[in-house]
Amino acid sequence: MTDAPGARGTALPATNHPHPATSGTPTVLTGATVVLPTGTVKNGRLAVHGTRIAPTVPENAQVIDVTDHYVIPGFVDLHNHGGGGASFTSGSVDDILKGIHTHRLHGTTTLVASTVTGDMDFLTRRAGLLSELAEQGEIAGVHFEGPFISPCRKGAHSEALLRDPHPADVRKLIDAARGQARMLTLATELPGGLDSVRLLADHGVIAAIGHTDATYEQTVEAIDAGATVATHLFNAMPPLGHRSPGPIAALLEDDRVTVELINDGTHLHPAALQLAFHHAGADRVAFITDAMDAAGFGDGRYWLGPLEVEVADGVARLVEDGTIAGSTLTLDRAFKRAVTVDGLSVEDAVTALSATPARLLGMADTIGSLEPGKYADLLILDSAYELKGVMRRGEWVVGPQLG
Ligand SMILES: [Zn+2]
């Protein structure tokens with residue numbers, strides 16, 4: 001579906017707001033509540049030189065007073081299908097860049113582009129295109145969601161295109177992504193599932209258990225084979241039962257697994273989210289968007305791969321049967337919700353939105369926390385947790401708006 005009909009909607013949100021802050025100049029942010037991996041510092045400062053966080057304040061640094069604001073690391077999204085009216089599965093390169101930019105405006109400084117189920121030829125072509133954008137540093141790699149998923153838990157994936165995870169097919173996708181495949185979501189209980197998990201692990205690609213109908217025991221087997229992520233825990237898998245605990249109990253109890261959670265208020269009841277969070281802890285939870293084209297754009301008709309989606313009041317559902325079809329979430333909203341609705345600490349929310357996904361991607365030495373030498377990927381939030389500035393690689397994506 002390379003030329004799916006365009007979606008309704010209006011223009012992109014405004015990009016740079018006028019402010020004296022200049023991109024690329026050595027900068028020091030002062031007076032802030034800075035969330036560091038070692039703890040939160042009040043009235044702290046953070047220096048930026050070039051693309052990196054600097055150990056000391058550079059000479060001639062521009063001083064920006066951000067008193068009464070938080071400075072936190074940029075968000076890292078492991079699972080994202082598009083935004084700004086654009087789809088990572090079907091859009092042109094320009095569309096994809098527009099989608100990436102939309103999420104940057106909402107604080108996501110690193111994202112992995114996710115595809116939805118398609119036929120193998122289509123997916124290998126998309127993998128080639130997305131890998132070029134990964135090589136250019138626009139995205140952190142590719143996540144294949146489907147086609148190796150369970151027809152019983154297909155969610156918003158086209159049933160006709162689902163297939164069993166034969167390792168030869170998994171290998172084709174890994175190769176097509178030219179070293180940029182980061183994650184593949186599969187139903188590990190299907191024929192070839194465990195061999196595919198081993199293959200993925202051998203190639204350094206995250207094997208993510210999702211859209212699965214596995215039992216508890218089958219899930220334990222898959223984790224033992226090397227699966228390390230739960231794709232949107234709770235969604236598109238059997239519920240937790242007291243005599244058949246299913247995948248949820250197996251994924252939550254094992255320290256080797258990180259669980260994705262979609263914190264948009266639609267996909268999960270707050271109590272389910274809190275249960276998972278308190279059990280796994282911030283080091284094993286990654287908040288994701290699972291966003292589709294309408295994120296940061298608006299209600300209307302869209303395409304998710306070959307399936308038509310109606311977005312109303314920010315909730316995306318398949319036209320054919322009303323199944324929830326991804327989200328319209330952006331991670332700034334997920335952060336605010338985590339702190340103000342779910343009662344998480346700012347530090348735990350930062351960990352689940354930055355450090356944990358960065359570690360999973362093997363990028364913890366360059367992103368995921370505010371430490372000297374790492375990329376200057378940082379956000380400014382006001383005391384109500386509203387986003388007021390976004391810097392990526394030392395450049396302002398959204399200049400500080402300090403009122
Ligand atoms: Zn998804």
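As the structure is a computational prediction, the values presented were derived from the model and not from experiment. Counting starts at 1 for both ligands and their atoms, in listed order.
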Among the N, O or S atoms of E145, the one nearest the Zn ion (ligand 1):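 The closest N, O or S atom of E145 to the Zn ion (ligand 1) is OE1.
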
Closest approach to the Zn ion (ligand 1) by D290, given as the N, O or S atom name: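 Checking each N, O and S atom of D290, the shortest distance to the Zn ion (ligand 1) belongs to OD1.
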
Three-point angle H81:NE2, the Zn ion (ligand 1), H79:NE2, rounded to the nearest 10°: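 Here the angle at the metal atom is close to 100°, to 10°.
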
Which atom of F335 lies closest to which atom of A349, heavy atoms considered: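 Closest pair (atom of F335, atom of A349, distance): CE1-CB, 3.6 Å.
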
Lys/Arg N to Asp/Glu carboxylate O, D195 vs R198, below 4.0 Å: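 So D195 pairs with R198 through a salt bridge.
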
Parallel, tilted or perpendicular: ring planes of H211 versus H157, cut at 30 and 60 degrees: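 If you compare the ring of H211 with that of H157, the planes turn out perpendicular.
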
Candidates I100, T108, T102 - the one meeting side chain to side chain contact (heavy atoms under 4.5 Å, CB included) with R104: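 For R104, the side chain to side chain contact (heavy atoms under 4.5 Å, CB included) test succeeds with only one of I100, T108, T102, which is I100.
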
